[in-house]
> 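Sharing a structure here in structure tokens format.
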Amino acid sequence: MKTDFKKMPVGPDHSMEKKLAWAHRLFETYSTRMLSDDTISSLMKDYKESIRNNWNVMAESGVVDECTECAVHDGGSCCGSGIEHKFDVVNLLINLLLGVRLPSRPWDPAGCWFLGEKGCLIIARHVICVNFICRRLYDRISPENIRRVQRAMQEETERAFVLEEYIKGWLGTHG
Ligand code: SF4
């Protein structure tokens, strides 16, 4: 049966429950074919590499330590409730394709739906999660390391974009 993508929830007005239900339905229907598509496999491989590289660069440059210190001791949280509404169904589907188990409810009612006890629970984060560098980081991380982090962030978000667009096109022709 053809999927009626006109009914797919897009934008922040739709509930997370509805978007999750759509993502799971698309995953159940298409994941086997998607994961055996050479282009999707290759784009996912590149994307995963850039995510890994970004985390490595953030660790080496001190960003991970600063963020942990801020979250644990200074009450900072960049992952507040509502950010999850930025995610669309394709973002969620990509996480499922990457093997992520998406939570059916938020662990912390004041936090983002995808925030767990030890941090973010998903692999494919939204561009606003990936690209954000706060004042504290600009003040405490050297300019050279900020530039390294920015390059790694940019690569991750560019590869995410290419994969998302390809999957949207794939769904349009195979769905
Ligand atoms: S998706 Fe992850 S990184 Fe982004 S706000 Fe939610 S918990 Fe934080």
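Whatever order the structure lists ligands and atoms in, that order sets their numbers, starting from 1. FYI, side chains are in, hydrogens and waters are out, and symmetry mates aren't considered; it's all heavy atoms of this structure.
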> Using a 4.0 Å heavy-atom cut-off, say whether Trp113 meets ligand 1 through its side chain, its backbone, both or neither.
neither

> Quick one: do Glu28 and Arg25 make a salt bridge, cutoff under 4.0 Å?
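No, this pair does not count.
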
> Could you list the donor-acceptor pairs under 3.5 angstrom formed by side chains in residues 140-148, with sequence neighbours left out?
{"residue": "Ser142", "atom": "OG", "partner": "Asn145", "partner atom": "N", "Å": "3.1"}
{"residue": "Ser142", "atom": "OG", "partner": "Asn145", "partner atom": "ND2", "Å": "3.4"}
{"residue": "Asn145", "atom": "OD1", "partner": "Arg148", "partner atom": "NH1", "Å": "3.4"}
{"residue": "Arg148", "atom": "NH2", "partner": "Glu60", "partner atom": "OE1", "Å": "2.6"}

> For residues Glu155 and Asn54, is any side-chain donor paired with an opposing acceptor at under 3.5 Å?
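No, no side-chain donor-acceptor pair sits under 3.5 Å.
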
> Could you tell me whether the side chain of His73 and the main chain of Glu69 form a donor-acceptor pair under 3.5 Å?
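No, because the side chain of His73 does not come within donor-acceptor range (under 3.5 Å) of the backbone of Glu69.
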
> Within a distance under 4.0 Å of any heavy atom of Phe87, pick out the atoms of ligand 1 and give their elements.
1 (S)

> Does a salt bridge link Asp139 with Arg135, judged by any charged N lying under 4.0 Å from a carboxylate O?
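Salt bridge flag = yes for Arg135 with Asp139.
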
> Got more than 12 heavy atoms from elsewhere within 6.0 Å of NZ, Lys48?
no

> Using a 3.5 Å distance criterion without hydrogens, assess whether the side chain of Asp37 forms a donor-acceptor pair with backbone atoms of Arg33.
no

> At less than 2.8 Å, how many protein N/O/S atoms surround atom 8 (Fe) of ligand 1? Leave waters out.
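Count of protein N, O, S atoms less than 2.8 Å from atom 8 (Fe) of ligand 1: 1.
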
